[in-house]
Engineer: 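Can you read through this structure? Questions will come right after.
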Number of protein chains: 2
Amino acid sequence: MQMSPMVTAPRPYVPTATMRTPAPEAIRLIGVTVHLSRDQEVFGEGEPADQVFKVVRGAVRCFRVLSDGRRQICDFYLPGDVFGIEPGQDRRTTAEALTDTVLVAARRSTVVEDEDSGTARRLWALAMADLQRSQDHALTLGRRSANERVASFLVDMAARLGDVDNLELPMTRQDIADYLGLTIETVSRTLTHLQVSGLIKLAGCRSIHLRKPRALAELCA
Amino acid sequence: MQMSPMVTAPRPYVPTATMRTPAPEAIRLIGVTVHLSRDQEVFGEGEPADQVFKVVRGAVRCFRVLSDGRRQICDFYLPGDVFGIEPGQDRRTTAEALTDTVLVAARRSTVVEDEDSGTARRLWALAMADLQRSQDHALTLGRRSANERVASFLVDMAARLGDVDNLELPMTRQDIADYLGLTIETVSRTLTHLQVSGLIKLAGCRSIHLRKPRALAELCA
DNA sequence: CGTCCGTTTGATACATTTCAATAACGGTGG
DNA sequence: CCACCGTTATTGAAATGTATCAAACGGACG
């Protein structure tokens with residue numbers, strides 16, 4: 001549960017165009033470019049949700065914490081992903097940079113009210129993608145074993161990072177644990193177990209090679 | 001994991017107006033009224049998602065299942081709730097009636113494309129409510145103990161059923177277990193434990209009286 | 001070269017599951 | 001109305017997976 005330093009204040013709406021096009025779903029965001037270093041907060045729970053963000057480089061975690069500090073990471077956001085769309089007026093999660101990260105920040109209203117351009121429709125798609133991922137996540141947290149959780153995490157990350165077999169994870173073991181509802185020790189043990197089984201190869205703790213992606217996917221049940 | 005019988009086929013778009021107004025968020029749905037009996041399927045995973053539903057009476061569970069039959073209930077829907085809004089074209093969950101249930105079924109397009117009436121905005125609100133609940137659910141599944149899960153379930157249900165202290169649950173212990181990521185035995189044990197602690201009073205397994213709602217809420221952490 | 005932070009590994013504790021048996025409930029038919 | 005049956009819920013004892021506590025390891029960096 002790391003506490004978050006200050007943000008490199010994203011002043012709203014200095015028109016600095018930026019765009020990326022990794023997927024057909026890709027959304028073009030017009031806004032300020034923001035640079036964050038490791039563990040810096042993008043926004044905090046309870047703050048007004050007036051902006052949405054797109055990851056250009058690096059990665060972000062969104063999470064909630066219980067009163068006693070237990071943390072649940074809702075999702076990670078990788079380059080190309082848009083995050084920060086909220087159900088209501090206020091932030092329900094805290095967002096922090098996993099590593100040195102570059103974002104584009106756009107006014108929420110800019111995106112939402114622009115109905116004719118089809119941006120609102122894309123925003124809907126993005127929000128629905130969050131919902132879909134959250135429901136998948138609930139299935140994992142509620143019904144999968146530690147082995148299955150770690151395996152599905154690896155498979156999911158591989159797909160999101162561009163269907164590669166060589167993962168360069170932007171997050172620590174603690175982040176993975178807090179995403180999967182496990183402890184750091186269990187994550188570590190499970191990874192070494194997967195390595196011993198020949199399914200993966202660990203090369204430095206941020207770098208994981210998927211030897212048998214097929215078998216790994218089957219492990220997810 | 002009960003298998004689902006046939007639906008009382010909801011023929012689309014026989015204009016039978018129905019409405020209820022439990023919350024300010026309430027949405028008016030124009031469509032057919034559908035009657036379902038216990039365990040009947042409303043829709044199944046993989047089917048095209050061309051309708052949305054509103055619960056008039058009874059209750060509904062939406063769930064996903066792993067290949068080996070493990071089931072995770074994503075959410076319960078109670079009178080006044082709208083469900084069946086999907087991220088994509090197809091159903092990602094299966095929906096079944098918990099008890100004898102009455103629904104209103106409306107064409108999805110009816111609701112989505114009616115932009116000017118503000119219905120699209122309400123649909124957004126509903127979808128976002130699902131997202132919010134799903135994220136809360138993930139926090140519960142990932143980071144709360146069995147005690148905390150059951151307590152928060154009771155508190156949540158009390159709030160949704162109209163902030164009452166006397167719950168008439170429409171679901172079985174198995175449903176609760178599959179919602180909370182526990183076994184039926186653990187749910188049962190936890191409830192009797194809560195009863196022994198004086199926090200609740202069980203009166204027939206569907207009926208639960210909350211003796212100390214405050215203490216119960218604090219138990220959720 | 002030593003320190004620091006994150007990770008791995010080990011031994012033990014514990015919460016929850018699993019397996020098994022009993023009890024309570026709800027519906028049905030006599 | 002009561003007895004019976006199948007289903008659902010409760011309770012118990014043992015097994016197990018994951019957490020907890022504790023120590024050693026490793027790489028990054030000054």
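Both backbone and side-chain heavy atoms feed into the values below; hydrogens, waters and symmetry mates do not. Just so we're on the same page: letters track the sequence lines, and every chain starts at 1.
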Engineer: Can you check whether B/Arg38's main-chain N or O pairs, donor with acceptor, with B/Asp100's side chain at less than 3.5 Å?
Structural biologist: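 Yes, because the side chain of B/Asp100 sits within donor-acceptor range (under 3.5 Å) of the backbone of B/Arg38.
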
Engineer: Quick test of your reading: applying side chain to side chain donor-acceptor pair (under 3.5 Å), list the pairs with at least one residue in residues 212-221 of chain B, sequence neighbours left out, ordered by first then second residue.
Structural biologist: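 Residue pairs with at least one partner in residues 212-221 of chain B: there are none.
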
Engineer: What's the CG-C1' distance between B/Leu194 and D/dT10, to the nearest Å?
Structural biologist: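 Taking CG of B/Leu194 and C1' of D/dT10, I get 15 Å after rounding.
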
Engineer: Measure CZ/B/Arg173 against P/D/dT11 and give the value in whole Å, please.
Structural biologist: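 In whole Å, D/dT11 P and B/Arg173 CZ are 10 Å from each other.
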
Engineer: Atom CG of A/Leu202 and atom P of C/dT8: how far apart are they, to the nearest Å?
Structural biologist: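 Rounded to whole Å, this separation is 7 Å.
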
Engineer: Going 5' to 3' through nucleotides 18-30 of chain D, assign each nucleotide B (protein heavy atom under 4.0 Å from a base atom), S (under 4.0 Å only from sugar-phosphate atoms) or - (no protein heavy atom that close).
Structural biologist: SSBB---------

Engineer: For A/Ser134 and B/Gln135, test the side chains for any donor-to-acceptor distance below 3.5 angstrom and give the result as yes or no.
Structural biologist: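 Not at all, the side chains of A/Ser134 and B/Gln135 share no donor-acceptor pair under 3.5 Å.
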
Engineer: Is B/Phe63 close to B/Thr93 at the side-chain level, that is, under 4.5 Å between some pair of heavy atoms?
Structural biologist: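 A side-chain contact is absent here, since even the closest heavy-atom pair is not under 4.5 Å.
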
Engineer: Does B/Ser188 place a side-chain N or O at less than 4.0 Å from the phosphate oxygens OP1/OP2 of D/dT11?
Structural biologist: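 No, outside the criterion.
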
Engineer: Which residues pass the ring-ring contact (aromatic ring centres under 6.0 Å, His included) test with B/Tyr77, not counting sequence neighbours?
Structural biologist: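 Checked B/Tyr77 against ring-ring contact (aromatic ring centres under 6.0 Å, His included); matches are B/Phe83.
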
Engineer: Please check the phosphate of C/dG26 (OP1 and OP2 only) for any side-chain N or O of B/Arg38 closer than 4.0 Å.
Structural biologist: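 Negative; the distance criterion is not met.
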
Engineer: Could you state the atom-to-atom distance from CG of A/Leu191 to C1' of C/dT7 in whole Å?
Structural biologist: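 One finds 11 Å between C1' of C/dT7 and CG of A/Leu191, rounded.
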
Engineer: Could you give the CG-to-P distance, from B/Asp178 to D/dT8, as a whole number of Å?
Structural biologist: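 The answer, rounded to whole Å, is 13 Å.
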
Engineer: Taking CE from A/Met171 and C1' from C/dG6, how many angstroms apart are they, rounded to a whole number?
Structural biologist: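 Computing the A/Met171:CE to C/dG6:C1' distance gives 15 Å.
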
Engineer: If I take atom CZ in residue A/Arg206 and atom P in nucleotide C/dT7, what distance separates them, rounded to the nearest angstrom?
Structural biologist: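 It is 6 Å, rounded to the nearest whole Å.
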
Engineer: To the closest 0.5 Å, what do you measure between CD1 (B/Ile176) and CE (B/Met157)?
Structural biologist: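 The CE atom of B/Met157 is 8.0 Å from CD1 of B/Ile176, to the nearest 0.5 Å.
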
Engineer: Whole angstrom is fine here: how far is it from CG in A/Asp39 over to P in C/dC5?
Structural biologist: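 For the pair A/Asp39 CG and C/dC5 P, the rounded distance is 13 Å.
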
